[in-house]
Amino acid sequence: MGALLSIPMMAVPSMGSLMTMGASCCGAATCSAVCSACGKFQSSMATRIAYAVILLVNSIISWLMLTPWALKKLEHLTLDYMSITCEGKECYGFVAVQRVNFALGLFHFALAILLLGVKSSHDGRAALQNGYWGPKIVVWLAFVVLTFFIPEAFFYVWGKYFALAGAMLFVFLGLILLVDLAHTWAEFCLEKIENYDSKAWRGILIGSTLGMYTLSFAMTIVMYIFFANSGCSMNQAAITVNLIVLLIISAISVHPTIQEYNPQAGLAQSAMVAIYCTYLTMSAVSMEPDDRHCNPLIRASGTRTASIVIGAIVTMLTIAYTTTRAATQGIALGSQTSHAYSKLGSEDTEHGMVDQQPSSSRREMRAEALRAAVEAGSLPANALDDDDDDQSVSNDGYGGKDDERGGTQYNYSLFHVIFLLATCWVATLLTQNIDFENTGDFAAVGRTYWASWVKIVSAWVAYGIYSWSLLAPVAMPDRFGH
């Protein structure tokens with residue numbers, strides 16, 4: 001963080017450059033040490049946590065760059081010896097936020113290209129994903145420095161068009177993954193109930209469905225009481241439409257025709273979609289400006305600065321978590337590598353049996369036999385992860401357990417593409433329709449009508465995607481095996 005905040009010092013010839021280089025080295029060393037500790041766990045999980053932390057730090061720094069507060073504090077640390085400027089202008093606001101997020105997006109874009117086609121940790125390029133944290137941090141910081149040499153005009157175009165398009169695509173992909181999660185959750189519970197006749201899983205399914213519907217209606221009542229007063233037509237319309245569509249999709253999910261073509265459809269999926277969309281609607285009305293006296297939360301804030309800071313940090317944590325979840329759920333986006341294992345090539349099998357003596361070591365022969373058993377269904381897929389041969393060497397670079405020897409747990413390139421889109425969303429959320437002249441020391445995140453309408457429309461789109469997932473088997477039975 002110190003390195004990023006000191007980037008504008010590049011404008012000061014000698015001392016600024018030395019301080020920037022020193023801060024960058026310290027930041028890289030710190031991140032490398034943290035990732036070394038994470039490496040003691042499964043490498044794929046440690047990797048995801050590390051990238052999520054980088055996105056979180058980048059998002060918080062972007063938020064601080066909205067106002068001059070961070071730069072003033074940095075100048076104060078130098079005893080006001082340095083005046084931090086960028087091309088004669090102050091280094092904060094719209095362009096500064098776009099620069100920081102463009103740099104991280106460029107970093108993820110480069111990794112997405114370099115990691116195309118990686119199927120397992122046996123590929124040498126897998127180390128770029130799971131290791132080399134020190135050099136990767138240095139490259140990321142170098143990208144940030146380079147963005148401050150790009151003319152401002154570029155970022156005005158990038159932020160208003162390209163970043164906005166990427167942000168909308170990020171939101172749309174998130175909604176698709178939400179619907180996929182709803183179906184996956186219900187199907188998982190039903191599978192447990194059917195296979196084991198489990199009363200516990202039946203109770204979990206019914207209880208979670210009732211609980212989510214109860215919370216959805218409770219949030220709706222709260223919104224009507226506090227945010228739908230006279231004159232608040234926008235809030236009234238958003239809340240009412242959400243309630244009506246909630247009831248419609250619930251009725252569709254249990255319709256006899258839908259049940260005939262998709263017996264696993266039901267209220268469990270509808271409840272998850274309903275509570276998420278109701279939450280989006282409530283978030284929209286509770287974060288809108290109070291110029292029409294429709295948001296009592298703003299007027300009731302006892303400590304405005306504390307509420308803004310906490311709200312910003314919670315928002316950034318949520319973005320980091322949802323991005324990581326979305327980036328690893330590749331199946332819903334068409335990826336076939338998520339939680340898959342490398343198949344034996346045609347040169348290694350014939351009639352389902354190994355027909356050649358492998359030229360590799362005994363360990364490699366054992367691995368091939370295990371993969372053949374997994375493909376034949378004789379062993380569970382995680383048997384490949386449990387094959388902890390004493391001679392095996394992890395590829396994460398830090399001695400952690402390599403759980404991707406048989407196949408990557410997620411699509412590496414897709415992972416970085418989604419993180420690239422997440423940087424677009426962060427930049428757009430922070431800068432869209434923000435009044436930079438009246439933000440004070442800290443800018444409220446998402447407290448604009450634009451952000452509110454994005455959430456409201458996102459809820460409607462999520463309802464539409466879920467409805468289509470129910471109606472598609474009826475409309476196109478041939479494509480769904482009916």
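Residue numbers run from 1 in the order of the sequence given.
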Looking at K136 and L128, would you say the former's side chain and the latter's main chain have a donor-acceptor pair under 3.5 Å? yes
So if I apply the side chain to side chain donor-acceptor pair (under 3.5 Å) rule between Y412 and each of T47, N130, D123, which one comes out positive? N130
Keeping to residues at least two apart or across chains, list the side-chain hydrogen bond (donor to acceptor under 3.5 Å, both in side chains) pairs with something in residues 158-170. none
Hey, are Y213 and S250 close enough side-chain-wise for a donor-acceptor pair under 3.5 Å? yes
Could you please spell out the steps behind the ring-ring contact (aromatic ring centres under 6.0 Å, His included) verdict for F419 and F107? CA-CA 10 Å; F419 267 79; F107 171 77; 9.9 Å; no
Can you list the residues that meet the side chain to side chain contact (heavy atoms under 4.5 Å, CB included) rule with I244, with sequence neighbours excluded? T240, I248
Between the main-chain N or O of P473 and the side-chain N or O of R479, is there a donor-acceptor pair closer than 3.5 Å? no
Go through the structure and list residues passing side chain to side chain contact (heavy atoms under 4.5 Å, CB included) with Y196, not counting sequence neighbours. K192, S198
Between N229 and Q236, a side-chain donor and acceptor under 3.5 Å: no
Show every side-chain hydrogen bond (donor to acceptor under 3.5 Å, both in side chains) that has at least one partner inside residues 100-116, sequence neighbours left out. N58-N101, S62-N101, H108-H416
Under the ring-ring contact (aromatic ring centres under 6.0 Å, His included) rule, what do Y51 and F415 come out as? Steps first, then yes or no, please. CA-CA 10 Å; Y51 283 117; F415 178 90; 5.5 Å; yes
Does T428 reach the main-chain N or O of C424 with its side chain, forming a donor-acceptor pair under 3.5 Å? yes
Does F227 offer a backbone N or O that forms a donor-acceptor pair with the side chain of N235 under 3.5 Å? yes
F143, CZ: over 12 other non-hydrogen atoms inside 6.0 angstrom: yes
T278: which of L243, I239, T220 passes side-chain contact (heavy atoms from CB on, under 4.5 Å): T220
Can you give me every donor-acceptor pair (side chain of residues 267-275, partner residue at least two apart or in another chain, under 3.5 Å) with its distance?
unit_1	atom_1	unit_2	atom_2	d
Q269	OE1	G266	N	3.2
Q269	NE2	Q264	O	2.8
S270	OG	S253	OG	3.1
S270	OG	G266	O	3.3
S270	OG	Y466	OH	2.8

Under a 3.5 Å distance rule, please check whether R99 uses its side chain to pair with a backbone N or O of F155 as donor and acceptor. no
Would you list the pairs meeting side-chain hydrogen bond (donor to acceptor under 3.5 Å, both in side chains) in which at least one residue belongs to residues 167-177, sequence neighbours left out? none
